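Below: the structure, in C-alpha cells.
As the structure is a prediction and not an experimental result, all values here were calculated from the model.
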Number of protein chains: 2
Amino acid sequence: MVRYEHPPISAVSARDVFQALSDPIRLEIARRLARRGAQNCSELSDARPRSTMSHHFKVLRDAGVVRTLVQGTEHINSLRSEELESRFPGIVAMILDDDDERSEADAAAFAR
Amino acid sequence: MVRYEHPPISAVSARDVFQALSDPIRLEIARRLARRGAQNCSELSDARPRSTMSHHFKVLRDAGVVRTLVQGTEHINSLRSEELESRFPGIVAMILDDDDERSEADAAAFAR
DNA sequence: TACATTGTTCGACTAATTTCGAAATACAAC
DNA sequence: GTTGTATTTCGAAATTAGTCGAACAATGTA
C-alpha cells in the first residue's frame, strides 16, 4: 500500500470523531500530534505492539482525525487540525484538554 | 433513589464526553435534548426496552452530559448545555451536527 | 540480490459494551 | 394499603472492540 485513503472532511461525522477519540490510546495520539506536530508511528507507540498501534491509526484515519503520509519506509501521521477545526470548531481544544490530574482529583472528591 | 448524582462540570473529561457520545442512541438522545429541551425518559425511548434506555441515560449522566431531575414518577432529562459549552466550547454544535444524509452520501462517494 | 526497517493484515483471544427480560423501587392517587 | 405508572437494577446472552503474535508487503541500503 503506497498511499492511504482519507475521507473528505465534509464526510466526517461527529459520531465518527467521538468514537475515534473515545479510546484513551487514540486520544493520546491525537493529543501528541496536536502538541508536537507530525510524527511517525513508532514515535507514538510507547512500546506497544505495532499491530495494536496500526489498528488505532486506522481508526483515527477512517474517522478523518488523522492524515498519514508515506515517506520512504515510515508513515508520517498528522492531526487534520485545520480541517477538523473548520468542520467542528472547538474540537482541537477538546483534544488538547487533558487535565487528568485535576479531573481525577475532582472525580475522587465527587465520589465521596 | 430520590435524586441523582451528577459530576461537577470541572470533573468532566473530554474522554468521558467522547465516549458517552460515541454511541448512536446516546448521541441521538443528546441531540433531541439540545433541540427540543428537557424530556422524560419515555419520550426519548423510541419503543426500545426501558432497561436499555436506562443504561444509556446513566452513561450520559455519569459522563456529565445530561442532568436528570426526578419529578413525581417521571425523570426529566436535560442537556447540561451551558456548563458543557463553557467547559468545551463548540461541543453543543457538534452534538447538533447531524447531517447524516449528507455524510452518508459523501461517505458513499468516498467509498467508490 | 539480500537484508534491515517500518508498518499492515490476518486470525485468535480477551475484555468491554450493549441489549433485554424479570424483579425491584419510587411515587402519586385512590 | 392497593393499584398504576415510570424507571432502575440485576443477571445473562449477544455483539463489538481492543490486543497481540505471526506472516506479509513496501521501501531503502549495502
Side-chain angles (χ1 to χ4, degrees), chain A residues 1-7 13 15-33 36 38-79, chain B residues 1-7 13 15-33 38-79 111:
Chain A
M1 188 183 281
V2 165
R3 208 182 172 196
Y4 293 99
E5 300 270 0
H6 298 91
S13 72
R15 202 178 84 67
D16 290 340
V17 173
F18 289 145
Q19 134 85 1
L21 297 175
S22 67
D23 179 89
I25 294 183
R26 292 195 294 262
L27 185 52
E28 179 60 26
I29 291 172
R31 206 163 262 155
R32 289 206 207 166
L33 293 175
R36 307 176 202 168
Q39 278 184 284
N40 68 16
C41 298
S42 21
E43 286 177 293
L44 291 158
S45 351
D46 308 317
R48 269 177 249 271
R50 299 180 159 196
S51 48
T52 300
M53 296 311 284
S54 192
H55 161 72
H56 288 306
F57 286 117
K58 179 169 168 48
V59 173
L60 286 166
R61 226 164 19 233
D62 291 352
V65 174
V66 156
R67 185 177 296 284
T68 308
L69 297 176
V70 178
Q71 273 189 15
T73 70
E74 50 178 26
H75 299 197
I76 312 286
N77 301 106
S78 58
L79 192 68
Chain B
M1 185 183 284
V2 165
R3 210 182 170 197
Y4 292 98
E5 300 271 1
H6 299 91
S13 72
R15 203 178 83 70
D16 290 342
V17 173
F18 289 145
Q19 134 83 7
L21 297 175
S22 66
D23 178 272
I25 294 182
R26 291 194 294 263
L27 185 53
E28 179 60 28
I29 292 171
R31 203 162 265 153
R32 288 206 207 167
L33 293 176
Q39 278 183 284
N40 68 17
C41 297
S42 18
E43 284 177 293
L44 291 158
S45 351
D46 307 318
R48 268 177 250 272
R50 288 161 179 227
S51 49
T52 299
M53 296 310 285
S54 191
H55 160 73
H56 288 306
F57 285 119
K58 178 169 168 49
V59 173
L60 287 167
R61 225 162 23 230
D62 291 352
V65 174
V66 155
R67 185 177 295 284
T68 308
L69 297 175
V70 178
Q71 271 188 18
T73 69
E74 52 178 26
H75 299 198
I76 311 286
N77 300 106
S78 58
L79 193 68

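Each of A:Asp23 and A:Thr73 has a nearest nucleotide on DNA chain D; the 5'-most of these lies closest to A:Asp23. DNA chain D is contacted by both A:Ile25 and B:Asn40; B:Asn40 maps to the nucleotide lying nearer its 5′ end (nearest heavy atom per residue).
Looking at every heavy atom in both residues, A:Leu21 comes nearest to A:Leu27 through O-CB, 3.7 Å.
One interatomic measurement links the two molecules: CE of A:Met53 to P of C:dT6, which rounds to 15 Å at whole-angstrom precision. Between the CG atom of B:Leu44 and the P atom of D:dA6 there is a distance of 14 Å, given to the nearest Å. In this structure, B:His75 atom NE2 and D:dT5 atom P are separated by 16 Å, rounded to whole Å. Atom-to-atom, CD of A:Gln19 to P of D:dG18 comes out at 6 Å; the value is rounded to the nearest Å. At whole-Å resolution of the value, CZ in B:Phe57 and P in C:dT19 are 13 Å apart. Atom-to-atom, CZ of A:Arg26 to C1' of D:dG18 comes out at 8 Å; the value is rounded to the nearest Å. Between A:Ile29 atom CD1 and C:dG7 atom P the separation is 12 Å, expressed in whole Å. Note: CZ (A:Arg15) to C1' (D:dA17) measures 13 Å, nearest angstrom.
Considering only side-chain atoms of B:His55, the nucleotide from C:dT19, C:dC20, C:dT8 that sits closest is C:dT19. When the nucleotides D:dT19, D:dA6, C:dT18 are ranked by their closest atom to the side chain of A:Thr52, D:dT19 comes out on top. For B:Arg50, the side-chain atoms get nearest to D:dT7 when compared with the rest of D:dT7, D:dC20, C:dT9.
The phosphate of D:dT7 (OP1 or OP2) has a side-chain N or O of B:Ser42 nearer than 4.0 angstrom. Contact between the side-chain N/O atoms of A:Arg48 and the OP1/OP2 oxygens of C:dG7 is not found at any separation under 4.0 Å. Residue B:Tyr4 places none of its side-chain N or O atoms closer than 4.0 Å to OP1 or OP2 of D:dT7.
Judged by distance alone, with hydrogens and angles left aside, the side-chain atoms of B:Ser45 form a donor-acceptor pair with the main-chain N or O of B:Cys41 at under 3.5 Å. Side-chain N or O atoms of B:Arg15 include one that pairs as donor or acceptor with a backbone N or O of A:Ser22 at under 3.5 Å. For the pair B:Ser13 (side chain) and B:Asp16 (backbone), a donor-acceptor distance under 3.5 Å is present.
A donor and an acceptor atom sit less than 3.5 Å apart, one in the side chain of B:Ser51 and one in the base of C:dG21.
Aromatic rings from A:His75 and A:Phe57 are positioned such that their centres are separated by 6.0 Å or more.
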